[in-house]
Amino acid sequence: MRKKSIQYLLVFLLPLAFSACSQWEGETVESAYREPTVPDPVYQFKRNGASSVDYLECSLLRDPMDYIYNSYLKIAAIMYPANMAKVQDYFRNGEFGLKPIEEIAASPLHRADRRHILADIDDIFTTTGRLSGLSQPSPGTARNHRAERGVAGYVGTNIGDVNIAFVNEKGLVVAELFNGIVWGGVYLDKVLNVHLNDSLYNDGRLRHDHEQTKLLPGRNYTELEHHWDLAYGYYQYWLPVIQTSGLPVLRESRIRIYNAFARGRQSLTEYRYDDVHEQLRLIRSELSKVAAVQAMTFLVGEITRVNLDEDARNALVFLSRGCGAVYGLQFTVQSSGKPHLGYEEVRQYISQLTAGDGLWDKQRLLAPETTGGSLRNIASAIGRHYGLTLADINPFNQ
């Protein structure tokens, strides 16, 4: 009897099931199920049971750069000659034997422009000193001066604002220009043009020493392995740019670059140099695109546009970061190793952005793409070097 009841129940429910299927046919229903997040694989390589990866140098070089930026430039704290001497000493001598002045634009590709780049940094230090009230009878009073169109000073609610920034007469936050030079002239240049330089992996001596497992003194890695690992170490400072972007154009960049680094290191271990070159070409192309997207985003991204719409002074920091990011693009390269842009080209873009009243000129900056010196105009011109469009950065720019 119980068996019959179950059979009757099934006969009754089957038409309802088929009815439900036909009712929702062609519909997409969002499931509450989410696939578990798989953590990124770890960049790990060992020899004799111990790690053969070491990129401590990267943080040792970054620390003095961050110290100069955060403790002096960002808050315009070069108020006395002793402050300037300390900034210059940190820049010239750094810490633990790594001298920032020697590491900026250190690749053979940029040797010809080093003098100009170092002069730009020196000018940033000098301008920050002036903004700080250096050599004034009362530096604190001189520093406490609100910026206006054509007048250097601070932007923020008041001089004690935690988000305070100091701009020159063009509205440029020179501290952010310094940051852009560091991100390009150190972190990008070290990855793309120093440690992933083709000549290293074609060098007969380096290959021979690597294949004979000739380790660096007191270390667990060969010279070639160390070059590749340092490139990966300096790339870590660019990784957050990809992780926080959210733009479809960079959706696959993180995993592509990671895989290229991991595969290239493994290929190096197995002496497959052709594959090493293939992976470094991919890294060059993809990371250069990331740098271009960052620069374009600072110029025409939603945050910049909204702040500029509201009040030009609210956008000065973002626009200045854009100028710094544009400056850094001279260190990007095509997969072949040829630079996308040169020193004079990036300086020209920055000059166009800061022409006339500079970054205070809201009307020019927000003008259409066809207007020279507008944000869309400069961002579009930059994008063409990398195969990017304004729509890749912000669909409202179409």
Side-chain angles (χ1 to χ4, degrees), residues 40 42-45 51-69 91 94-111 114 117 121 178-201 216 219 221 223-244 250 253-254 256-265 268 276 279-295 324-325 327-333 335 337 339-340:
D40 285 343
V42 180
Y43 185 90
Q44 278 187 342
F45 295 91
S51 174
S52 62
V53 176
D54 171 18
Y55 47 82
L56 176 63
E57 168 192 309
C58 307
S59 61
L60 296 182
L61 183 55
R62 181 175 184 170
D63 288 347
M65 299 292 204
D66 284 353
Y67 180 72
I68 291 170
Y69 169 75
F91 186 64
E95 296 175 318
F96 307 106
L98 288 171
K99 302 177 180 181
I101 194 171
E102 295 178 359
E103 305 299 332
I104 291 276
S107 68
L109 194 62
H110 295 283
R111 192 168 293 146
R114 284 196 82 246
I117 294 167
I121 293 175
F178 174 83
N179 226 20
I181 295 175
V182 170
W183 277 68
V186 178
Y187 310 146
L188 264 187
D189 195 41
K190 288 289 190 183
V191 175
L192 302 176
N193 307 314
V194 175
H195 298 298
L196 295 187
N197 192 306
D198 286 289
S199 64
L200 293 173
Y201 304 94
L216 292 177
R219 305 299 179 183
Y221 42 76
E223 191 171 346
L224 275 184
E225 288 171 340
H226 193 43
H227 276 296
W228 193 271
D229 293 337
L230 286 175
Y232 181 73
Y234 283 110
Y235 162 65
Q236 298 310 297
Y237 301 132
W238 276 94
L239 180 57
V241 175
I242 308 174
Q243 292 175 320
T244 59
L250 295 185
S253 293
R254 179 184 58 80
R256 283 177 183 163
I257 295 175
Y258 173 81
N259 284 342
F261 269 116
R263 288 169 182 163
R265 182 59 154 79
L268 195 59
V276 170
Q279 301 309 320
L280 71 81
R281 285 193 292 270
L282 190 154
I283 295 167
R284 284 172 176 168
S285 177
E286 202 67 30
L287 185 53
S288 293
K289 181 179 73 174
V290 169
V293 167
Q294 184 198 47
Y327 192 107
L329 293 180
Q330 64 186 291
F331 300 97
T332 62
V333 289
S335 60
H340 281 283

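Hydrogens, waters and symmetry mates play no part in the numbers below; they use all other heavy atoms, side chains included.
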Next item on the list: Please step through side-chain contact (heavy atoms from CB on, under 4.5 Å) for the pair Glu57 and Tyr234, ending with a clear verdict.
Entry: CA-CA 9 Å; Glu57 168 192 309; Tyr234 283 110; 2.8 Å; yes

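- Of all heavy-atom pairs between Ala231 and Val191, the closest is O-CG2, 3.3 Å.
- Side chains of Ile104 and Met65 form a contact here, defined as non-hydrogen atoms less than 4.5 Å apart.
- Between Val241 and Val290, the shortest heavy-atom distance links the atoms CG1-CG1, 4.0 Å.
- Considering only heavy atoms from C-beta on, Leu196 comes within 4.5 Å of Tyr201 through its side chain.
- A donor-acceptor pair shorter than 3.5 Å cannot be found between the side chains of Gln236 and Tyr55.
- For Leu216, the side chain to side chain contact (heavy atoms under 4.5 Å, CB included) test picks out Arg219, Tyr221, Glu223, His226, with sequence neighbours left out.
- Between the side chain of Ser288 and the backbone N or O of Ser285, no donor-acceptor pair lies under 3.5 Å.
- The shortest side-chain heavy-atom distance between Leu329 and His340 does not fall under the 4.5 Å cut-off.
- A centroid separation of less than 6.0 Å is found between the aromatic rings of Phe45 and Tyr43.
- Applying the side chain to side chain contact (heavy atoms under 4.5 Å, CB included) test to Ser51 and every residue at least two apart in sequence or in another chain returns Val53.
- Under the rule for a side chain to side chain donor-acceptor pair (under 3.5 Å), the partners of Thr332 that lie at least two apart in sequence or sit in another chain are Tyr386.
- Rounding to the nearest 0.5 Å gives a distance of 7.5 Å between CD1 of Ile117 and CD1 of Ile181.
- No donor-acceptor pair closer than 3.5 Å links the side chain of Arg265 to the backbone N or O of Asp229.
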Next item on the list: For the pair Trp238 and Leu188, evaluate side-chain contact (heavy atoms from CB on, under 4.5 Å) and give the outcome as yes or no after the intermediate values.
Entry: CA-CA 8 Å; Trp238 276 94; Leu188 264 187; 3.6 Å; yes

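- Applying the side chain to side chain donor-acceptor pair (under 3.5 Å) criterion to Ser199, with sequence neighbours excluded, gives Asn197.
- The side-chain heavy atoms of Phe96 and Asp63, taken from C-beta on, include no pair separated by under 4.5 Å.
- Contact check for Asp198 versus Arg284: side-chain heavy atoms found under the 4.5 Å cut-off.
- A 4.5 Å side-chain heavy-atom check between Leu192 and Leu280 finds every atom pair outside the cut-off.
- In terms of modelled atom types and a separation under 3.5 Å, the side chain of Trp228 and the main chain of Phe261 share a donor-acceptor contact.
- The ring-ring contact (aromatic ring centres under 6.0 Å, His included) search around Tyr67 returns Tyr72, Tyr90, not counting sequence neighbours.
- Shortest non-hydrogen contact noted between Ala325 and Gln294 is CB-OE1, 3.9 Å.
- The side chain to side chain contact (heavy atoms under 4.5 Å, CB included) test applied to Asp189 returns Ser107, His110, Asn193, Val194, Phe331, not counting sequence neighbours.
- For residues 95-104, every residue pair satisfying the side-chain hydrogen bond (donor to acceptor under 3.5 Å, both in side chains) rule, not counting sequence neighbours, is listed here: Glu103-Lys190.
- With sequence neighbours left out, Tyr235 forms a side chain to side chain donor-acceptor pair (under 3.5 Å) with no residue at all.
- Considering only residues two or more places apart in sequence or on other chains, Asp54 meets the salt bridge (Lys or Arg N to Asp or Glu O under 4.0 Å) condition with none of them.
- When side chains are defined from C-beta on, Pro64 does not count as touching Phe91, because their heavy atoms never get closer than 4.5 Å.
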Margin query: Let's go through His195 and Tyr232 carefully: what are the C-alpha distance in whole Å and the side-chain angles of both, what is the deciding distance for side-chain contact (heavy atoms from CB on, under 4.5 Å) to 0.1 Å, and is it a yes or a no?
Written below: CA-CA 9 Å; His195 298 298; Tyr232 181 73; over 6 Å; no

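- Scanning for side chain to side chain contact (heavy atoms under 4.5 Å, CB included) contacts around Ala260 gives Gln279, Leu282, Ile283, with sequence neighbours left out.
- Between Tyr258 and Ser253 the shortest side-chain heavy-atom distance does not fall below 4.5 Å.
- Residues passing the side chain to side chain donor-acceptor pair (under 3.5 Å) test with Tyr327 are Asp120, sequence neighbours excluded.
- Judged as a salt bridge (Lys or Arg N to Asp or Glu O under 4.0 Å), and not counting sequence neighbours, the contacts of Arg256 are Glu286.
- For Pro100 against Leu98, the heavy-atom pair with the smallest separation is CD-O, 3.4 Å.
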